[in-house]
Amino acid sequence: MGEKTVVIPGALSSALRDARHICVLTGAGVSAESGVPTFRDAMEGLWADYDPRKLATPEGFAEDPALVWGWYEWRRKLVRDVEPNPGHTALAELDALASRLTLVTQNVDGLHQRAGSKNVVEFHGNLFVDRCFAEGTVVETVDDGEPPACPSCGGPIRPGVVWFGESIPPDALQMAFAAAETCDVYLSIGTSSEVFPAAGLFDIARSAGATTVEINPNVTEQTAHFDFVLSGKSGRVLPELLDSVFRPNL
Ligand code: OAD
């Protein structure tokens with residue numbers, strides 16, 4: 001058994017053990033240890049000269065659908081070739097250990113579901129669901145390098161993710177806001193907390209009186225305002241947190 005390096009304060013252990021409802025928000029950092037680059041990491045290889053924050057926009061797609069489609073094909077392949085990491089697995093375990101857990105993710109990679117998490121609220125959509133750019137309808141596609149055309153209107157098909165400037169799917173927004181308002185413990189994991197409305201869930205939870213916890217190896221815009229900050233990678237911190245809180249005699 002490896003040496004424990006994360007110190008879990010007693011008050012945090014009690015809050016987690018006693019929680020009737022835990023709300024978790026995850027971001028790209030949770031998938032970093034699986035090999036999926038975060039949005040703030042510089043891209044490598046083929047895509048080194050591109051800024052994801054420009055590609056992930058409706059304007060970017062309208063300007064060059066083939067370029068944006070190609071980038072998403074590259075990301076789909078990358079995600080298919082990786083596995084969930086111990087951070088994803090620990091969150092799936094927490095799902096089973098907690099009285100109630102709502103897992104809201106900004107990630108579109110499906111790795112939480114592959115690790116066994118149930119009822120994941122996909123705040124920014126899903127990389128593997130395609131939609132008609134004009135009509136928004138879900139369309140089955142085959143990845144063959146070219147952006148496919150919609151069988152109904154003939155227009156381009158886009159990945160079913162939320163781009164900058166677009167609205168969050170209403171169901172996801174409603175479920176996430178309700179969870180932030182009613183949870184006893186709110187965990188923000190692997191997110192830079194710069195993109196709203198996801199980053200605003202923290203304020204909702206804090207105003208409603210939840211115990212707030214951030215897990216991140218780096219400082220974020222919101223770090224100073226959390227009740228507890230566990231500094232480190234989620235693939236290491238989360239398994240240690242679960243052991244310490246729910247299996248203290250190990
Ligand atoms: P970011 O790329 O903005 O931030 C990733 C965060 O993960 C940073 O705060 C890192 O310090 C942290 N991090 C890195 N490695 C980590 C690790 N091993 N364990 C834990 N944390 C780690 O990603 P998001 O906050 O998810 O939106 O970005 C939010 C949204 O902005 C994304 O969903 C996407 C993006 O552009 C859209 O595409 C609409």
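Numbering of ligands and ligand atoms starts at 1, following listing order.
A side-chain contact (heavy atoms from CB on, under 4.5 Å) with Phe133 holds for exactly one of Cys150, Pro159, Pro156; it is Pro156.
Interface of Asn218 with ligand 1, defined as ligand atoms under 4.0 Å from a residue heavy atom, comprises 10 (C), 11 (O). Short contacts between ligand 1 and Ala32, defined as distances under 4.0 Å to a heavy atom of the residue, involve ligand atoms 15 (N). Below 4.0 Å from some heavy atom of Gly27 lie the following atoms of ligand 1, by number and element: 26 (O). Near Phe164, the atoms of ligand 1 lying under 4.0 angstrom from a non-hydrogen atom of the residue are 35 (C), 36 (O). Of all atoms in ligand 1, numbered sequentially from 1 with element shown, those under 4.0 Å from a heavy atom of Glu33 are 17 (C), 18 (N), 19 (N).
The heavy-atom pair separating Gln222 from Ser193 by the smallest distance is OE1-OG, 3.1 Å.
By the criterion of a heavy-atom distance under 4.0 Å, both the backbone and the side chain of Gln106 are placed next to ligand 1. With a heavy-atom cut-off of 4.0 Å, Lys233 touches ligand 1 through backbone and side chain alike. Only the side chain of Val195 comes within 4.0 Å of ligand 1, counting heavy atoms alone; its backbone N, CA, C and O stay farther away.
Between Tyr186 and Phe202, the ring-plane angle classifies as tilted under the 30° and 60° cut-offs.
Listed for the Asn85 side chain is a donor-acceptor partner under 3.5 Å among the backbone atoms of Val30. Without hydrogens or angle criteria, Asn107 side chain to Asp109 main chain gives no donor-acceptor distance under 3.5 Å. Side chain of Asp184 to main chain of Arg20: a donor-acceptor pair is present (N/O by atom type, distance under 3.5 Å, no hydrogens or angles).
At a 3.5 angstrom cut-off on N or O pairs, Ser192 counts as close to ligand 1. For the pair Ala28 and ligand 1, the shortest N or O to N or O distance falls below 3.5 Å. Below 3.5 Å of separation, one finds no N or O of Thr220 facing any N or O of ligand 1.
Here the CG-OG1 distance, from Asp227 to Thr212, works out to 3.5 Å after rounding to the nearest 0.5 Å.
Between Glu166 and Arg131, none of the side-chain N atoms (NZ, or NE/NH1/NH2) sits under 4.0 Å from a carboxylate O, so this pair counts as no salt bridge.
Contact analysis puts His124 in contact with ligand 1, with a non-hydrogen atom separation below 4.0 angstrom.
Between the choices Ser34, Pro217, Pro37, the shortest heavy-atom distance to atom 22 (C) of ligand 1 belongs to Pro217.
For an aromatic pair to be called close, the ring centres must be under 6.0 Å apart, and Tyr50 with Trp71 fails this.
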